[in-house]
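In what follows, every chain begins at residue 1, and chains take the letters A, B, ... in the order their sequences are listed. Every heavy atom of this structure was used, including side-chain atoms; hydrogens, water molecules and symmetry mates were not.
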There are 2 protein chains.
Amino acid sequence: MSTLGYALLSLLTRGPATGYELTRRMKRPIGHFWVANHSQIYPELARLTEAGHVEVHEEAGPGPRAKKTYTITGSGRRALAEWLPQPPAFTPRSEVALKAYAVGAADPARMAVLYEEVAADALAKAAVFERELGELEDDPGHPNFGNYAALRLGIESQRGLSAWASWLASRLRKYAGEHDGAD
Amino acid sequence: MSTLGYALLSLLTRGPATGYELTRRMKRPIGHFWVANHSQIYPELARLTEAGHVEVHEEAGPGPRAKKTYTITGSGRRALAEWLPQPPAFTPRSEVALKAYAVGAADPARMAVLYEEVAADALAKAAVFERELGELEDDPGHPNFGNYAALRLGIESQRGLSAWASWLASRLRKYAGEHDGAD
DNA sequence: GCCTCATATGTCAGAACTTACATAGTGGGC
DNA sequence: GCCCACTATGTAAGTTCTGACATATGAGGC
C-alpha cells in the first residue's frame, strides 16, 4: 500500500467520511505535512475498498453518482497499527534549501528579499499553528493528541525555518550593501 | 523546466561534470535536501542539452558509450538566475508528522521507541552536518557559501526534529507506563 | 431568473519518480 | 585467476502525482 493509503486510513480513524470530506481533511488539518488532490484520493479509496481496509455505504448524492461514505475496518486498523511503528521513509526535497545552495548564481539583493519573505511567511504560519494548538490537549490519552503532536512539529519547523531565513537574508543584505551597483 | 533541471544547473555552477559525477554530487553534498537517481539525471541532462542550458564534451568512456562532460552555458546561468529569486514551491510530505498524527492507532510503547530512534538519528545527522560546516566559510563572497547556508538549514531542521521527537517519545513513554499491560 | 458556491465523484493525459535491467573497462584484494 | 568495486551511460516498466476536464444538484445572494 502507498503512503497515501495509510494517510487516508489515518484520517478515517477520526471518523467515517466521503472522498470529498477526506479531501477537505487532507487540506485541513493535515495539509501542513501531507498533500493530495481528490484525483488521487478517489482511486486510492477504491483500492482500499478492494483490499478490505475500508467499508463503503452508498446513498443518493447531489450529482449523477452515488455519495459514498467510507469507514475504516478492523483490517484497516491492523494494517495502520503495523505500519506506524516502522521507521518513517524520508525523501528530502526542499526547494528552499536548493535555492540557498545556488544563491551565489543570483543577485544577492533579490535573494535577500526572497529570504525575508520566506522568514515572514514561516513566522505567520507558526502563529496560525500556535492558535490551532491552543484548542487541542497536550494529553496522549486524548483522541486528538495526534493533531497536537503533528502541529507542534509544524510550529518547530516553521520557527526554525524563519530563524534560518532571517539569518541568510541579513547576510545577503549586508553583502549586497558592500558590493552594490556595478561590480 | 523541472526543479531537477535547476538542481543540475546549480550543481554545474560548481564546475563541469559527467552524469555519473552529478549523481555523486546529488548524494553529497546536496543529498540532505534533494534526491535523484542516475535514471532521472541522464534524461534530464539530454533535455538541458537540447534547451542549450548545458554544453557537452564527448570522450571515450570505460563502457560501450562515450563519456560526456557537461558545462553550464550563459543561457543556463540566466535561466538559473531568473528561477532563483522566485518564491520557492513547497509540497509538504512528511511521514514522520503523518505517523505522529495517527499515533493513537498504534501501541504507545512501540511508538515511543520509534520516536526515540528518530531523535537519535536526527541528532547524529546534525553532528555530521556540523563537522562538514567546519570546513566551509560563513562568507557570502565565498564560492561555497551556498553549501554553508544550505548546511545550516539542515542542522537547524535536524536539531528541531530531534527535540520534537524526544518530547513526543517522553510523552508516549509516560503514557505507556501509566497504561501498560492489558488495557 | 441568474450566478456563484458548496457538495459530490469520477477520468485522463502527462510529468515526475522508483526500481530493476543492461553493458563494459580498469584496478585492487585475496 | 577470480571477484568486487568503481567509472560510465543508458533503457524500460511501473507507480505516483499534478492539472485539467466532466457532470449535476441545492442554497443563497442580487
Item checked: Contact nearer the 5' end of DNA chain C, comparing A:P62 with B:G63 ->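 With A:P62 and B:G63 compared, the 5'-side residue is A:P62.
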Checklist line | Whichever of A:T91 and A:P43 has its nearest DNA chain C nucleotide further upstream toward 5' | finding: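 The residue mapped nearer the 5' terminus is A:P43.
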Just how far, in rounded Å, is [atom2] of [N] from [atom1] of [X]?
| X | N | atom1 | atom2 | answer |
| --- | --- | --- | --- | --- |
| A:Y42 | D:dA22 | OH | P | 18 Å |
| B:Q40 | D:dG14 | CD | C1' | 14 Å |
| A:R93 | C:dC17 | CZ | C1' | 7 Å |
| B:H57 | D:dT9 | NE2 | P | 12 Å |
| B:K67 | C:dG25 | NZ | P | 16 Å |
| A:E59 | D:dG26 | CD | C1' | 16 Å |
| A:M1 | D:dT15 | CE | C1' | 15 Å |
| A:K27 | C:dA6 | NZ | P | 10 Å |

Margin query: At 4.0 Å (heavy atoms only), tell me whether B:A36 reaches a base, stays on the sugar-phosphate, or touches nothing.
Written below: nothing
Next item on the list: Would you indicate what B:G19 reaches in the nucleic acid, counting non-hydrogen atoms under 4.0 angstrom: base, sugar-phosphate, or nothing?
Entry: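 The answer is sugar-phosphate, as B:G19 gets under 4.0 Å only of primed atoms, P, OP1 or OP2.
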Check: In terms of the nearest nucleotide of DNA chain D, which residue is placed more toward the 5' end: B:K68 or A:V35?
Finding: B:K68
Next item on the list: Name the residue closer to the 5' end of DNA chain D, choosing between A:G61 and A:R47 according to the nucleotide with the nearest heavy atom.
Entry: A:R47
Check: What's the closest nucleotide to the A:H38 side chain, out of C:dA6, C:dT11, D:dA8?
Finding: C:dT11
Margin query: I'd like to know if B:S39 reaches the base of C:dT19 with its side chain such that a donor and an acceptor end up less than 3.5 angstrom apart.
Written below: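 By the distance-only test, yes, there is a pair.
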Margin query: For B:E59, is the CD atom crowded, meaning more than 12 foreign heavy atoms sit under 6.0 Å from it?
Written below: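 Enclosed.
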Next item on the list: Verify the ring-centre separation between A:W164 and A:Y115: is it less than 6.0 angstrom?
Entry: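 Yes, close enough.
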Check: Does C:dA15 have OP1 or OP2 sitting under 4.0 Å from an N or O in the side chain of B:S2?
Finding: no
Check: Does A:R24 make a side-chain N or O approach to OP1 or OP2 of C:dT7 shorter than 4.0 Å?
Finding: yes
Next item on the list: For the pair A:H38 and A:Y42, name the ring-plane relationship: parallel under 30°, tilted 30 to 60°, perpendicular over 60°.
Entry: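 Taking A:Y42 first and then A:H38, their aromatic rings stand perpendicular (interplane angle over 60°).
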Checklist line | Verdict with supporting geometry, A:M26 and A:N37, side-chain contact (heavy atoms from CB on, under 4.5 Å) | finding: CA-CA 8 Å; A:M26 199 56 91; A:N37 328 355; over 6 Å; no
Check: Out of curiosity, B:I30 CD1 to B:R14 CZ, how far, rounded to the nearest 0.5 Å?
Finding: 9.5 Å
